[in-house]
Protein chains: 2
Amino acid sequence: MSAPERSLRADARRNRESVIDAASELFARRGDNVQMEEIATRAGLGVGTLYRHFADKRALRAAIIGRRFEAMTSLARAAEELADPWAAFESLLLGYLESAEPDVAFRLAILGPEEAAWGDIVAEKTAFAAIVERVVQRAVDAGLLRADFRPDDFVLITRGAMANMSGSADWRRHLTLQLEGIRVAEL
Amino acid sequence: MSAPERSLRADARRNRESVIDAASELFARRGDNVQMEEIATRAGLGVGTLYRHFADKRALRAAIIGRRFEAMTSLARAAEELADPWAAFESLLLGYLESAEPDVAFRLAILGPEEAAWGDIVAEKTAFAAIVERVVQRAVDAGLLRADFRPDDFVLITRGAMANMSGSADWRRHLTLQLEGIRVAEL
DNA sequence: GTATATTCGGAACCGGAATTCCGATTCCTA
DNA sequence: TAGGAATCGGAATTCCGGTTCCGAATATAC
């Protein structure tokens with residue numbers, strides 16, 4: 001991530017923290033529909049300060065989303081611990097989606113076409129992807145997921161579910177339907 | 001739709017047509033990332049003219065999307081004609097998605113949270129929905145779709161597929177997986 | 001406690017894009 | 001084919017939010 005260089009004056013470190021908190025909160029609730037000034041205000045700072053810590057809006061958003069990916073990664077690690085292959089897969093899938101649900105910015109980042117300058121994020125994303133790959137493979141090997149199920153399908157499924165997280169759509173219902181399409185019928 | 005009042009001066013009607021064509025083209029290709037001026041230019045007109053025909057960007061976009069819904073509706077009508085219940089259902093589903101694929105603006109309209117002032121559109125949307133309901137019901141009654149399949153599920157499925165139309169995601173693959181979750185296993 | 005480097009704050013600045021305005025132009029009717 | 005209404009064109013205006021700047025305030029070193 002944006003290496004929080006050692007040696008930052010105490011107040012600076014504290015403020016950086018505030019900015020991140022405020023930004024996380026707002027981006028999560030309103031996606032990209034948030035002004036730099038509002039973030040600064042909510043952090044109890046001036047916009048200038050905010051720009052001292054992050055080059056521009058993009059960088060700030062990227063940092064926030066990178067952070068969410070870190071959370072996703074540890075969540076994934078926890079799921080992988082589970083002994084039962086199916087439990088691990090389902091836990092990963094559901095945990096990921098439930099974490100994404102309340103974070104509009106994250107969902108937009110995943111669903112949107114934004115291919116540009118994701119810098120940091122990519123790394124985190126990759127770490128997460130590695131775990132997904134292992135968990136999926138384990139479930140397939142155990143004969144619980146259709147043999148032709150690929151890690152990419154995990155992406156298809158999750159994006160699909162996330163697309164139904166706005167408004168009144170019931171993404172859990174959608175997930176259920178999707179699972180019936182990929183799980184191997186028992187017996 | 002925005003009732004093209006009778007009695008529009010010939011040139012006016014012609015220009016309105018140009019605007020709609022240009023806007024359709026551009027919105028379809030670039031979603032909302034299009035300027036009023038660009039639309040005017042491509043239509044061979046000045047922005048002023050454009051505003052004479054549509055109150056603002058919103059109205060213009062709404063008109064364009066409403067138009068797409070009209071197309072979707074006639075497409076749906078055609079699908080409903082098919083004798084085989086499953087063929088009708090599949091044709092509707094696939095036809096809808098294939099029409100949506102090349103139209104970024106339409107997809108955004110469906111996927112986005114934009115709840116505000118859809119005015120016109122809603123009507124068209126409703127007409128389309130009515131057909132979907134009948135086609136779905138017919139497939140369910142024929143025992144080809146799981147008994148608990150509801151028209152709302154059609155929305156879940158299509159939104160899911162549309163979410164995988166950007167970048168390298170393979171929405172057809174996703175659709176296949178989803179179909180296996182809702183179709184009744186033959187025999 | 002003073003000096004010096006950092007950091008803060010927020011008014012001012014800027015660029016981009018939507019929308020307005022009104023004189024010039026074009027259509028249509030009598 | 002003249003008159004007047006309807007329409008066009010596009011420069012000018014407005015709005016909005018990101019970004020910059022630099023004097024003031026604050027922290028840390030000595």
Side-chain angles (χ1 to χ4, degrees), chain A residues 2-23 25-27 29-65 104-105 108-109 112 114 116-117 119, chain B residues 2-23 25-27 29-65 104-105 108 114 116-117 119:
Chain A
S2 14
E5 330 273 350
R6 211 51 335 187
S7 74
L8 257 192
R9 229 169 67 174
D11 57 341
R13 179 140 45 230
R14 201 175 329 125
N15 290 338
R16 166 179 257 270
E17 213 49 35
S18 301
V19 170
I20 292 181
D21 288 348
E25 166 70 12
L26 291 173
F27 280 138
R29 171 157 48 237
R30 305 218 306 274
D32 203 15
N33 183 206
V34 181
Q35 299 75 359
M36 293 302 261
E37 175 140 18
E38 188 176 3
I39 295 175
T41 299
R42 168 177 261 262
L45 303 168
V47 274
T49 304
L50 190 158
Y51 277 92
R52 164 167 308 282
H53 293 288
F54 298 91
D56 54 29
K57 197 177 188 180
R58 262 201 153 187
L60 177 55
R61 199 179 18 198
I64 300 302
I65 295 183
V104 181
L108 286 180
E114 319 212 15
Chain B
S2 15
E5 329 275 348
R6 213 46 338 184
S7 74
L8 256 192
R9 232 169 64 176
D11 57 341
R13 180 142 42 233
R14 199 177 327 126
N15 289 338
R16 165 178 258 271
E17 214 48 36
S18 301
V19 170
I20 292 180
D21 288 348
E25 166 70 12
L26 291 173
F27 280 138
R29 171 156 49 237
R30 305 218 305 275
D32 203 16
N33 184 205
V34 181
Q35 298 75 355
M36 294 301 262
E37 175 141 19
E38 187 175 5
I39 295 174
T41 299
R42 167 177 262 260
L45 303 167
V47 275
T49 304
L50 190 157
Y51 277 92
R52 165 167 308 284
H53 292 288
F54 298 91
D56 54 28
K57 197 175 189 183
R58 258 197 158 192
L60 176 55
R61 198 179 19 193
I64 301 302
I65 295 184
V104 181
L108 287 181
E114 318 214 14

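By convention in this document, chain letters (A, B, ...) are assigned in the order of the sequence lines, proteins followed by strands, and residues within each chain are numbered from 1.
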The correct set of residues in residues 37-45 of chain B placing a heavy atom under 4.0 Å from DNA chain D is B/Leu45
Whole-Å distance, A/Tyr51 OH to D/dG17 P, equals 13 Å
Mind calculating the distance between CG (B/Asp56) and C1' (D/dC15) to the nearest angstrom? 14 Å
Protein-nucleotide distance (B/Asp11, atom CG; D/dG9, atom P), rounded to Å: 9 Å
Which pair of heavy atoms, one from B/Leu108 and one from B/Gly31, lies closest together, and at what distance? CD1-CA, 4.2 Å
For A/Ala59 against A/Ala55, the heavy-atom pair lying closest together: CB-N, 4.2 Å
Reading DNA chain C in the 5' to 3' direction, which nucleotide is the first one with an atom under 4.0 Å from a heavy atom of chain A, and which is the last? C/dA5 to C/dA11
Over how many whole Å does the gap from A/Arg61 atom CZ to D/dG17 atom P extend? 15 Å
CZ of B/Phe27 to CD1 of B/Ile65, rounded to nearest 0.5 Å, is 8.0 Å
Is a salt bridge present between A/Glu25 and A/Arg29, judged by a nitrogen-to-oxygen distance below 4.0 Å? yes
Starting from the 5' end of DNA chain D, give me the residue, A/Val47 or B/Asn15, whose nearest nucleotide shows up first. B/Asn15
Closer to the 5' end of DNA chain D via nearest nucleotide, is it A/Asp32 or B/Gly46? B/Gly46
Polar atom pairs (N or O), protein with nucleotides 1-5 of chain D, under 3.5 Å:
none

Can you list everything that forms a side-chain hydrogen bond (donor to acceptor under 3.5 Å, both in side chains) with B/Arg61? Sequence neighbours excluded, please. B/Asp32
Whole angstrom is fine here: how far is it from CG in A/Leu50 over to P in D/dT20? 12 Å
Closest-nucleotide ordering on DNA chain C, the 5'-leading residue of B/Gln35 and B/Arg14: B/Gln35
Would you tell me if any nitrogen or oxygen in the side chain of B/Thr49 comes within less than 4.0 Å of OP1 or OP2 on D/dT7? no
Decide yes or no for B/Val19 and B/Thr49: does some side-chain heavy atom of the first lie under 4.5 Å from some side-chain heavy atom of the second? no
Paired with A/Asp11, the side-chain hydrogen bond (donor to acceptor under 3.5 Å, both in side chains) test is passed by just one of A/Arg13, A/Arg9, A/Arg14, namely A/Arg9
Counterpart residues, salt bridge (charged side-chain N to carboxylate O under 4.0 Å, His left out), relative to B/Glu37 (two or more places apart): none
Nearest heavy-atom neighbours spanning B/Ile39 and B/Ala22: O-CB, 3.7 Å
Measuring from A/Leu26:CG to A/Met36:CE, what's the distance to the nearest 0.5 Å? 11.5 Å
The helix from C/dG1-D/dC30 to C/dA30-D/dT1: angle between end helix axes, five pairs per end, rounded to 10 degrees: 10°
Nearest 0.5 Å, please: how far is CG in A/Leu45 from CG in A/Asn15? 4.5 Å
Kindly compute the distance separating CG (A/Leu50) from CZ (A/Arg16), expressed to the nearest 0.5 Å. 10.5 Å
Verify the contact: side-chain N or O of B/His53 to OP1 or OP2 of D/dC8, cut-off strictly under 4.0 Å; return yes or no. yes
